[in-house]
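Keep in mind it's a predicted model, so treat the numbers as computed, not measured. All ligand and atom numbering here is 1-based and tracks the order in the structure.
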Amino acid sequence: MKSNWLLALQERMWGLAPWDASLISDEWFRAHFEYAADVVNQWIGSVLDVRTARFLNFGCGDGITDLSLVLRYGATSIHGVDIRREYTKLPRIAREQLGMRRIPSALTFETITPGAPLAGKRALVDGIMSWSTFEHVQRDQLAPILADLHSCLRPGGYFFIQIEPLFFSPFGSHLRRYDDVPWHHLLASEDELWSIIQNHHGPIDAAEVDFGFADFGVEGYKRFVFKEYQALNRLTADELVEFAQNAGFAVARQERRHVDMPIPAALKSQFADEVLLTNEIFLLLQKT
Ligand SMILES: C[S@@+](CC[C@H](N)C(=O)[O-])C[C@H]1O[C@@H](n2cnc3c(N)ncnc32)[C@H](O)[C@@H]1O
């Protein structure tokens, strides 16, 4: 990826590189460029001026949502951090999906080690967003990471978190690409789940295939996705809110989405209906 000063210079000379959304052919790209960015903008844009606010995206992944926030909503400063380096693919992805030759200088990215503190390294931000990431953070790192993010935010700033699917919901394993049986991860053994994945052949839902798929290949991707499943922190919506409040955040607004499905009898006795049926949380926090 080109250095940011070079991009800024090119932008000053030629403006933002042209882009064309009619070129989008990849469903993963579309889901992030359109849906995820729209939702983030709705929530964070209701409390901050997206055009002037400085943002941190925690767990930015490939950065497609950030790119969209710049191109479609006029964001001018988003720093994405992630423990993986998927964002290095963004220039190629933007070229392929939008015909865009330069990534906007409004975007910067950084690879971090899990749990390494961010506070004090950069100026305080006005807003933080985190999409489909907090269920992947190691449980013992949740409290220190949330406290660190609290310290990265200016007083009065906002933090928007989305998680879907939540672990105890029907497809909370994140394995639906390979196994369509609701709550199977709470009913079957790990060996059974792995053998279903291993025996899966044929295409998987294109909206669930990220740009890392090509690096792993079909079988490698199965191993990667299964490891991700094993590493899920099993956070519930209530627990997330409690962790956030313990880190000093106030809840400004939240929405929980539910599925309407018959709960298997074997699970009814083990978990509350509310936990089993809540598959998504949108949580807007404020540093008061
Ligand atoms: C499902 S992906 C979502 C990525 C991106 N937000 C998106 O919507 O495509 C989860 C991301 O969380 C990142 N992640 C997991 N643990 C993390 C941590 N402790 N710190 C920062 N990022 C983390 C992963 O590397 C991965 O990119």
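Between Gly59 and ligand 1, at least one pair of N/O atoms sits closer than 3.5 Å.
Every atom of ligand 1 with a heavy atom of Phe58 under 4.0 Å away is listed here by number and element: 18 (C), 20 (N), 21 (C). The distance from ligand 1 to the heavy atoms of Arg84 drops below 4.0 Å at these ligand atoms: 25 (O). Per-residue contacts place Ile145 under 4.0 angstrom from the following atoms of ligand 1 (heavy atoms of the residue considered): 19 (N). Of all atoms in ligand 1, numbered sequentially from 1 with element shown, those under 4.0 Å from a heavy atom of Cys60 are 5 (C).
With no hydrogens or angles considered, no side-chain donor-acceptor pair links Glu208 and His174 at under 3.5 Å. Looking only at atom types and distance, the side chain of Asp38 has a donor-acceptor partner in the side chain of Tyr73 under 3.5 Å away. Between the side chains of Asp20 and Ser22, at least one donor-acceptor pair of N or O atoms lies under 3.5 Å.
Considering only non-hydrogen atoms, atom 24 (C) of ligand 1 lies nearest to Asp82 out of Thr113, Asp62, Ile64, Asp82. For atom 10 (C) of ligand 1, the nearest non-hydrogen atom from the set Ser132, Gly80, Ala231 comes from Ser132. Here atom 8 (O) of ligand 1 lies nearest to Trp131 when heavy atoms of Trp131, Tyr87, Trp28 are compared.
Within the 4.0 Å heavy-atom criterion, neither part of Ala36 lies near ligand 1. Proximity of Thr65 to ligand 1, defined as any heavy-atom pair under 4.0 Å, is not found for any part of the residue.
Nearest heavy atom pair, residue Phe171 against residue Pro165, reads O-CG, 3.2 Å. Counting all heavy atoms, side chain and backbone alike, Glu280 lies closest to Tyr35 at OE2-OH, 4.1 Å.
In this structure, His32 is part of the shell of residues with a heavy atom less than 4.0 angstrom from ligand 1.
Arg72 forms a cation-pi arrangement with Phe33, by the criterion of a distance under 6.0 Å to the ring centre and an angle within 45° of the ring axis.
With respect to atom 11 (C) of ligand 1, the closest heavy atom belonging to the protein is Thr133 OG1, 3.6 Å. Closest to atom 17 (C) of ligand 1, if we only count protein heavy atoms, is Ile83 CD1, 3.7 Å.
The main-chain N or O of His79 is never found under 3.5 Å from a side-chain atom of Glu110 such that the two would form a donor-acceptor pair. Looking at Arg234, its side chain never comes within 3.5 Å of a backbone N or O of Arg139 through a donor-acceptor pair.
Using a 4.0 Å cut-off between charged nitrogen and carboxylate oxygen, Glu164 and Arg257 do not count as a salt-bridge pair.
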